[in-house]
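Just so you know, these numbers come straight off a predicted model, no measurement behind them. Throughout, residue positions are numbered sequentially from 1 according to the sequence presented.
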Amino acid sequence: MTLLALCLAFAGMRAAVVDTLSIANKYLDTPESVVVITPETGRADARYPTVYLLNGFSGDHKSWIKMRPDLPELADRYGFVIVMPDGRDSWYWDSPVDPKMQMESFFVYDLVPYIDMHYPTFPEASMRAVSGLSMGGHGALWLGMRHSDIWGSAASMSGGVDIRPFPEKWKMKLRLGEKKDNEDVWNSHTVINLVPTLKPGQLNIAFDCGASDFFAAVNDDLHKALLDAGIDHDYTSRPGTHSQAYWRNSLLYHLLFFNEAFKKAGK
């Protein structure tokens with residue numbers, strides 16, 4: 001066999017590694033299930049940027065890899081560690097009414113440190129990104145906007161970026177209390193109201209939504225709020241509904257956006 005053939009054969013044997021973890025913690029009532037994909041580049045000393053992918057309502061840690069079975073190949077293509085926790089219908093908040101559903105604290109104090117300790121990641125915020133769909137789109141922007149010291153880039157697809165028009169939907173009142181009795185809590189737990197806390201250049205932001213999606217209007221509103229605040233961002237409204245077909249396509253744009261941000265970070 002020629003040297004070229006040997007090199008090609010070796011390259012064909014390399015493949016991303018997919019792990020399923022159970023992470024004990026004090027913020028949730030049971031250990032958290034997380035799928036992690038580590039790319040394989042053939043370099044023993046390689047380190048990688050990290051992309052956290054958040055599932056939507058009624059999904060779990062396996063939702064993304066079921067929807068995009070080629071995620072290991074995408075991890076290899078871009079050289080990303082991809083982390084997919086179980087959102088547990090939490091909306092990725094620390095619930096003010098349920099002490100056993102403190103998902104934001106789990107991410108900040110347990111999940112990110114665990115990933116950086118056990119996987120070959122870059123530990124800087126500029127080399128971390130978070131994205132998600134629907135509930136997970138809200139969660140990604142919520143986490144990114146509140147913790148830009150941890151995630152340098154945040155993106156949302158079909159995200160529920162203003163929860164207030166939907167007080168009876170998706171178990172939100174189990175996490176926040178009834179809206180009519182807890183207006184201040186609902187106002188303080190919606191992504192669109194975080195815009196005044198942002199400074200220009202603080203966070204790389206991208207989001208998109210299908211024009212026929214029931215979240216289209218609130219995404220348009222977020223776009224306008226960011227424009228008014230002078231916060232740079234990428235926003236796309238394209239044909240589509242609240243569907244897996246839309247999210248499978250949208251993910252490719254998010255990975256490209258993150259890749260460009262990581263390149264600019266200089267690693």
Minimum heavy-atom separation for [X] to [Y], with atom names?
X      : Y      : result
Thr190 : Val161 : OG1-O, 3.6 Å
Trp93  : Leu176 : CH2-CD1, 3.4 Å
Asn25  : Thr30  : ND2-O, 3.8 Å
Ser105 : Asp94  : OG-OD2, 2.6 Å
Ile231 : Leu198 : CD1-O, 3.8 Å
His138 : Gly160 : CD2-O, 3.3 Å

More than 12 heavy atoms of other residues, nucleotides or ligands under 6.0 Å from [atom1] of [X]: is that the case?
X      : atom1 : value
Tyr119 : OH    : yes
Lys179 : NZ    : yes
Asp232 : CG    : no
Phe166 : CZ    : yes

Under a 4.5 Å cut-off applied to non-hydrogen side-chain atoms, are [X] and [Y] in contact?
X      : Y      : answer
Ser250 : Arg238 : yes
Glu178 : Glu168 : yes
Ser237 : Asn219 : no
Leu133 : Tyr246 : no
Thr241 : Asp213 : no
Leu74  : Leu252 : yes
Met84  : Asn55  : no
Ser131 : Met157 : yes

Verify, without hydrogens or angle tests, whether [X] (side chain) and [Y] (backbone) share a donor-acceptor contact under 3.5 angstrom.
X      : Y      : value
Ser188 : Asp184 : yes
Asp89  : Ser58  : yes
Trp186 : Gly177 : yes
Asp19  : Val17  : no
Asp162 : Ile192 : no
Arg128 : Gly152 : no
Arg47  : Thr121 : yes
Gln102 : Ser95  : yes
Asp76  : Ala16  : yes
His189 : Val185 : yes

Roughly how far apart are [X] [atom1] and [Y] [atom2], rounded to 0.5 Å?
X      : Y      : atom1 : atom2 : value
Leu111 : Asp116 : CG    : CG    : 9.5 Å
Met127 : Ser153 : CE    : OG    : 9.5 Å
Cys209 : His223 : SG    : NE2   : 13.0 Å
Leu251 : Ile82  : CG    : CD1   : 7.5 Å
Leu194 : Leu222 : CG    : CG    : 9.5 Å
Ile23  : Asp86  : CD1   : CG    : 11.5 Å

### Task
Take Phe80 and Tyr48 through the ring-ring contact (aromatic ring centres under 6.0 Å, His included) test and state the conclusion after the steps.
CA-CA 6 Å; Phe80 295 167; Tyr48 308 103; 9.3 Å; no
### Query
Quick one: which of Tyr253, Phe215, Tyr235 gives a ring pair (Phe, Tyr, Trp, His ring centres under 6.0 Å) with Phe207?
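Only match with Phe207 under ring pair (Phe, Tyr, Trp, His ring centres under 6.0 Å): Tyr235.
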### Query
When you check the side-chain N and O atoms of His147 and Glu104, is any donor under 3.5 Å from an acceptor?
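The answer is yes; a qualifying pair exists.
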### Message
Assess the residue pair Asp70 and Arg68 against the criterion (salt bridge (Lys or Arg N to Asp or Glu O under 4.0 Å)); give the C-alpha distance rounded to whole Å, side-chain angles, the decisive distance to 0.1 Å, and a yes or no.
### Response
CA-CA 5 Å; Asp70 62 340; Arg68 291 283 328 206; 2.5 Å; yes
Whether [X] and [Y] hold their rings parallel, tilted or perpendicular, with breakpoints at 30° and 60°:
X      : Y      : answer
His118 : Tyr114 : parallel
Trp170 : Trp91  : tilted
Tyr52  : Phe107 : tilted

Cluster question for you: counting only ILVMFWY and a side-chain heavy-atom cut-off of under 4.5 Å, with indirect links fine, are [X] and [Y] together?
X      : Y      : value
Trp142 : Val97  : no
Leu174 : Phe57  : no
Leu227 : Leu141 : no
Leu28  : Val108 : yes

### Message
If the test is side-chain hydrogen bond (donor to acceptor under 3.5 Å, both in side chains), which one of Asp234, Asn259, Asp208 qualifies with His254?
### Response
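Testing His254 for a side-chain hydrogen bond (donor to acceptor under 3.5 Å, both in side chains) against Asp234, Asn259, Asp208 leaves exactly one candidate, Asp208.
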### Query
Should the pair Arg88-Asp29 be classified as a salt bridge under the 4.0 Å nitrogen-to-oxygen rule?
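Salt bridge flag = yes for Asp29 with Arg88.
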### Message
For Val35 and Leu71: C-alpha separation, side-chain torsions, deciding distance, then whether side-chain contact (heavy atoms from CB on, under 4.5 Å) applies.
### Response
CA-CA 11 Å; Val35 172; Leu71 270 177; over 6 Å; no
